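Heads up: the structure comes next, in structure tokens.
From a predicted model like this one, the values you see are computed outputs, not experimental measurements.
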Amino acid sequence: MKSQSPKGIVLILPLLIMGMVSVAALVLLSQTGIESIAGSYEQRQALETRTALFGCLDEVFIQLSADPAWNNPTVYTNAATCTVALSAPAPGQTSALVTLTSGDIVRGVKAVITLSPVILIESIEETLTP
């Protein structure tokens, strides 16, 4: 006697399961790839911000060496516009906090220098929260 149940169902079920597992693996791999691309973009943007920040710090050094009484709240370079806060922690020293905001990234560097001659005593780099 012949059976009336379809015999192809035995082959279709494992094929469907393998297809679903393959699609899930493909989605997981593509998500990981997209996250790594986004992470590398953020790292590049942070490095560009850091480079521009140190360019602003160099400009602060140049301005202070030319005029020790210089006290401007902003510094302009070709790459960025940074904010500057100057203070005098000790006689003959100047502390400069230079900050730069680029998108979601806010970076700052605090430098303590002597003015005559201009010598960098201490430099502390910070990633600030916006």
Side-chain angles (χ1 to χ4, degrees):
M1 259 185 148
K2 285 189 170 183
S3 164
Q4 296 295 334
S5 65
K7 294 181 182 179
I9 196 78
V10 174
L11 295 175
I12 290 288
L13 283 177
L15 201 59
L16 285 175
I17 291 171
M18 287 174 47
M20 289 174 27
V21 168
S22 298
V23 167
L26 180 64
V27 167
L28 182 65
L29 288 174
S30 66
Q31 181 181 6
T32 304
I34 290 171
E35 288 173 357
S36 87
I37 290 170
S40 67
Y41 172 75
E42 289 173 356
Q43 287 177 347
R44 183 178 59 87
Q45 186 180 13
L47 184 59
E48 288 173 355
T49 303
R50 182 179 188 269
T51 303
L53 175 70
F54 277 93
C56 288
L57 183 62
D58 289 343
E59 183 64 27
V60 169
F61 290 163
I62 292 168
Q63 294 296 329
L64 286 173
S65 66
D67 179 15
W70 179 83
N71 191 4
N72 198 344
T74 56
V75 171
Y76 303 98
T77 64
N78 289 339
T81 300
C82 302
T83 59
V84 179
L86 296 175
S87 63
Q93 292 182 352
T94 299
S95 175
L97 175 63
V98 181
T99 57
L100 175 62
T101 303
S102 176
D104 294 339
I105 299 172
V106 180
R107 297 195 70 139
V109 64
K110 181 180 180 182
V112 179
I113 60 172
T114 61
L115 294 179
S116 117
V118 176
I119 298 173
L120 177 64
I121 298 172
E122 179 183 26
S123 173
I124 301 170
E125 186 178 355
E126 302 173 340
T127 301
L128 308 170
T129 56

Side-chain cluster (under 4.5 Å, hydrophobic types only) that V112 belongs to, other residues: I121
Interatomic distance, I119 atom CD1 to S65 atom OG [nearest 0.5 angstrom]: 12.5 Å
Salt bridge (charged side-chain N to carboxylate O under 4.0 Å, His left out) contacts in which one or both residues fall within residues 64-82, not counting sequence neighbours: none
Under 3.5 Å donor-acceptor, T114 side chain and P117 backbone: yes
Linked, directly or transitively: F61 and W70 (ILVMFWY side chains, under 4.5 Å): yes
For the student: nearest non-hydrogen atoms of A80 and C56, plus distance: CB-SG, 4.2 Å
Test salt bridge (Lys or Arg N to Asp or Glu O under 4.0 Å) applied to E42 - qualifying residues, sequence neighbours left out: none
Separation of L57 CG from I62 CD1 (nearest 0.5 Å): 10.0 Å
Heavy-atom pair with the smallest gap, counting every atom of G55 and T77: O-CG2, 4.0 Å
V98 and F54: CA distance, side-chain angles, deciding distance, side-chain contact (heavy atoms from CB on, under 4.5 Å) verdict: CA-CA 9 Å; V98 181; F54 277 93; over 6 Å; no
Under the side chain to side chain donor-acceptor pair (under 3.5 Å) test, residues paired with Q63 that sit two or more places apart: E59
Euclidean distance, L86 CG relative to L64 CG, rounded to 0.5 Å: 5.5 Å
Qualifying salt bridge (charged side-chain N to carboxylate O under 4.0 Å, His left out) pairs, either residue in residues 43-52, two or more places apart: R44-E48, R50-E125
Between OG on residue S87 and CG on residue N71, distance to nearest 0.5 Å: 10.0 Å
Nearest non-hydrogen partners of A96 and V60, listed with the distance: CB-CG1, 4.2 Å
Contacts of E122 that satisfy side chain to side chain donor-acceptor pair (under 3.5 Å) - sequence neighbours left out: none
CG-OG1 distance between L53 and T101, expressed to the nearest 0.5 angstrom: 10.0 Å
Hydrophobic cluster membership, Y76 vs V84, 4.5 Å side-chain cutoff: no
Atom pair OG1/CG of T83 and N72 - distance to nearest 0.5 Å: 11.0 Å
Over all atoms of both residues, closest heavy-atom pair of A46 and R107: O-NH1, 3.6 Å
